[in-house]
2 protein chains.
Amino acid sequence: MLAKKPMIVNERPCIDEAVNRLNEAFNERRTVVLVGNCWVNYQGRASSKLEPGERIVIIKEDGSVLVHRSRGYEPVNWQPPGCSLQAYRDNDMLVIRAVRRSPREIVSISFSQIYLLSTFKMVDEGEFSLYASEEDMQKAILARPSIIEEGFRPINYEKKVEPGFIDVYGIDRCGRLVVVEIKRRTAGKDSVLQLAKYIDAVRASVNREVRGILAAPQISKEAKQLLTSLGLDFKRVDPKKCSEILRREEDKKILDFL
Amino acid sequence: MLAKKPMIVNERPCIDEAVNRLNEAFNERRTVVLVGNCWVNYQGRASSKLEPGERIVIIKEDGSVLVHRSRGYEPVNWQPPGCSLQAYRDNDMLVIRAVRRSPREIVSISFSQIYLLSTFKMVDEGEFSLYASEEDMQKAILARPSIIEEGFRPINYEKKVEPGFIDVYGIDRCGRLVVVEIKRRTAGKDSVLQLAKYIDAVRASVNREVRGILAAPQISKEAKQLLTSLGLDFKRVDPKKCSEILRREEDKKILDFL
DNA sequence: TGCTAAATCTCGAAC
DNA sequence: GTTCGAGGTTTAGCA
């Protein structure tokens with residue numbers, strides 16, 4: 001929190017004070033946390049109406065708006081970043097209007113009571129890193145192809161074919177072409193169909209035997225059946241082990257460099 | 001806000017006070033809003049690390065946890081409803097541990113500074129209604145089949161075929177079978193392929209002509225091309241008009257009942 | 001519980 | 001800008 005722009009906390013502010021604080025916050029791109037009794041209307045891609053009740057509203061410096069109820073992970077109403085904000089009094093209500101262009105969407109929040117209003121500037125340069133994404137799994141397979149099977153040699157990745165991109169493309173120990181489809185979570189039928197589409201595309205362009213391998217931590221029962229019926233293979237690949245392998249590969253590179 | 005369990009607001013509380021307030025809130029299932037400087041670790045389906053910075057943390061009465069950065073709609077870290085919560089002191093840090101079983105996941109939030117801590121009970125019985133979902137569009141088409149085309153007669157919906165469920169299944173004015181695939185938003189190539197799969201499944205089971213209609217508010221250019229090349233049709237259907245039609249049908253039912 | 005399909009999905013990257 | 005794919009997706013519905 002910047003010392004020169006400290007946090008402002010108001011308990012049970014009157015409407016006019018809240019209007020001033022909010023518009024000041026919108027102008028200065030301060031973050032807003034608001035707790036109170038409100039109802040919400042939304043019109044845009046769909047329409048919704050939320051009857052009165054006590055909620056938490058967060059308005060961020062980038063213009064994103066979140067209306068949270070007492071339960072659940074998801075906001076009941078929201079507006080993504082970049083919308084224009086306005087607060088005003090309407091009789092005995094505080095109204096916040098958040099408008100997004102393209103697609104045009106309007107969220108209107110009307111407060112009959114405000115229990116808490118706080119505005120502040122958040123300083124946050126901290127880096128966020130997520131391990132074992134699908135990309136990490138791909139990197140790990142390229143760095144250590146034996147994850148797929150002994151003798152597998154990648155020759156390409158993100159290879160473009162008609163329906164999309166092949167995660168990893170290579171040759172097995174017998175010289176057959178291999179299309180590898182990677183999923184970082186349980187593979188479903190959609191993954192099998194995706195792999196099948198890629199294989200069809202490859203078969204249409206080369207006159208050789210083409211194998212398909214679905215690499216994922218798990219596979220659903222139905223997907224397994226479909227995969228088998230199509231003559232394709234499944235290889236269990238653990239995302240955690242992939243991130244460990246990547247870490248080791250990074251270490252190796254540093255050693256090689258020294 | 002219940003009068004007997006009023007909102008508690010602490011600005012810059014010390015760690016021990018925050019620990020007490022938090023555990024009290026967890027026990028009493030009070031909602032928590034916390035603003036401060038923290039770092040976050042996550043381990044579960046994946047792993048993540050968030051370096052220190054100022055964030056907003058919301059902990060709801062159902063045990064859901066949200067860590068929000070200064071920007072964006074999505075929380076950077078979270079825990080879905082039903083996780084077990086614990087707050088404790090670790091040297092000069094306030095630590096909040098949120099553990100979920102099945103899948104086992106742990107989010108650990110460590111605060112070096114707390115600017116605002118507020119706990120309260122939210123009373124929220126307000127109803128939420130969203131208009132014009134895909135289901136509403138389906139209902140509207142069943143109630144007024146002419147939305148699709150004159151002479152269209154539905155004979156089934158959510159009909160099971162091998163790859164999934166056909167939204168609406170019927171017969172056109174010439175007696176040809178019709179498979180209708182509904183999308184409440186701009187239809188893409190995936191929608192066309194989904195429709196094509198259903199049609200293939202129907203064609204495999206009956207020895208009759210089968211038409212396919214994609215019903216959506218819009219269709220992407222690529223999807224339109226694919227659709228045309230497959231000899232299928234597109235019918236613009238406005239979700240808003242569907243909800244109006246549904247409303248009128250509801251009115252009619254009430255009138256019929258009276 | 002597990003799986004499937006939808007979402008005001010969001011978000012980011014590629015075209 | 002649009003389009004496409006991934007997500008710790010979440011959520012609801014159903015076998």
Side-chain angles (χ1 to χ4, degrees), chain A residues 40-48 50 64-67 71-83 98 100-107 128 130-135 137-138 158 160 163-165 167 181-191 194 217-224 239-240, chain B residues 40-48 64 66-67 71-81 100 102-107 128 130-138 158 160 163-165 167 181-191 194 217-223 239-240:
Chain A
V40 185
N41 273 327
Y42 156 73
Q43 277 219 23
R45 286 166 293 180
S47 314
S48 76
L50 176 63
S64 37
V65 179
L66 306 167
V67 182
R71 294 192 265 200
Y73 159 84
E74 288 190 331
V76 60
N77 282 109
W78 70 93
Q79 202 65 288
C83 72
R100 171 193 198 185
R101 310 76 155 76
S102 180
R104 181 153 180 92
E105 295 190 295
I106 302 171
V107 169
F128 176 74
L130 178 72
Y131 306 114
S133 63
E134 201 173 77
E135 195 189 352
M137 289 175 69
Q138 185 187 48
E158 296 299 329
K160 174 94 179 119
F165 295 87
D167 290 334
E181 175 64 26
I182 303 168
K183 292 289 160 192
R184 63 186 308 290
R185 318 200 308 124
T186 304
K189 280 200 288 189
D190 54 340
S191 312
Q194 205 176 337
Q218 258 187 307
I219 185 166
S220 70
K221 212 190 289 175
E222 286 190 336
K224 177 70 194 173
K240 244 178 211 170
Chain B
V40 185
N41 273 326
Y42 157 72
Q43 276 220 23
R45 285 167 293 179
S47 314
S48 76
S64 36
L66 306 167
V67 182
R71 292 190 272 198
Y73 160 86
E74 288 187 332
V76 59
N77 281 109
W78 71 91
Q79 203 64 289
R100 172 194 198 183
S102 179
R104 181 153 181 93
E105 296 188 293
I106 302 170
V107 169
F128 175 74
L130 178 72
Y131 307 113
S133 65
E134 201 172 75
E135 195 190 353
D136 286 353
M137 291 175 67
Q138 186 188 47
E158 297 297 331
K160 175 90 182 122
F165 296 88
D167 290 333
E181 174 64 25
I182 303 169
K183 292 290 159 188
R184 60 187 312 288
R185 316 202 309 127
T186 303
K189 281 200 288 189
D190 53 338
S191 311
Q194 203 175 338
Q218 259 188 309
I219 183 164
S220 69
K221 211 190 291 176
E222 285 190 336
K240 245 178 210 170

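Note that the structure is a prediction, hence the values are computed from the model and not measured.
- To the nearest 0.5 Å, atoms CD (E74(A)) and CG (L66(A)) are separated by 11.0 Å.
- Q138(B) places its CD atom 12 Å from the C1' atom of dA5(C), with the value rounded to the nearest Å.
- With sequence neighbours excluded, the residues forming a side chain to side chain donor-acceptor pair (under 3.5 Å) with S48(B) are N77(B), listed by chain and number.
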Mind listing the N/O atom pairs, protein and nucleotides 13-15 of chain C, below 3.5 Å?
none

Would you tabulate the nitrogen or oxygen pairs shorter than 3.5 Å linking the protein to nucleotides 6-8 of chain C?
| from | atom 1 | to | atom 2 | distance (Å) |
| --- | --- | --- | --- | --- |
| dA6(C) | OP1 | E134(B) | OE1 | 3.1 |
| dA7(C) | OP1 | E134(B) | N | 3.2 |
| dA7(C) | OP1 | R184(B) | NE | 3.2 |
| dT8(C) | O4' | Y42(A) | OH | 3.3 |
| dT8(C) | O3' | R45(A) | NE | 3.4 |
| dT8(C) | O3' | R45(A) | NH1 | 3.3 |
| dT8(C) | N1 | Y42(A) | OH | 3.3 |
| dT8(C) | O2 | Y42(A) | OH | 3.3 |
| dT8(C) | O2 | R45(A) | NH2 | 2.9 |
| dT8(C) | O2 | E105(A) | OE2 | 3.3 |
| dT8(C) | O4 | N77(A) | ND2 | 2.7 |
| dT8(C) | O4 | W78(A) | N | 3.3 |

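- Rounding to the nearest 0.5 Å places CG of L50(A) at 14.0 Å from OH of Y42(A).
- Residues satisfying the salt bridge (Lys or Arg N to Asp or Glu O under 4.0 Å) criterion with E105(A), sequence neighbours excluded, are R45(A), R100(A).
- Atom CD in Q43(B) sits about 12 Å away from atom C1' in dG8(D), given to the nearest Å.
- Residue contacts shown for P75(A) are absent, as no nucleic acid heavy atom lies under 4.0 Å away.
- Among residues two or more places apart in sequence or in another chain, the side chain to side chain contact (heavy atoms under 4.5 Å, CB included) test is passed with E181(A) by D167(A), K183(A), Q194(A), L195(A), Y198(A), L214(A).
- Residues S64(B) and P81(B) come closest through the heavy atom pair CB-N, 3.7 Å.
- Among residues two or more places apart in sequence or in another chain, the side chain to side chain donor-acceptor pair (under 3.5 Å) test is passed with S191(B) by none.
- Residues C83(A) and V65(A) share a closest heavy-atom pair of SG-CG2, 4.2 Å.
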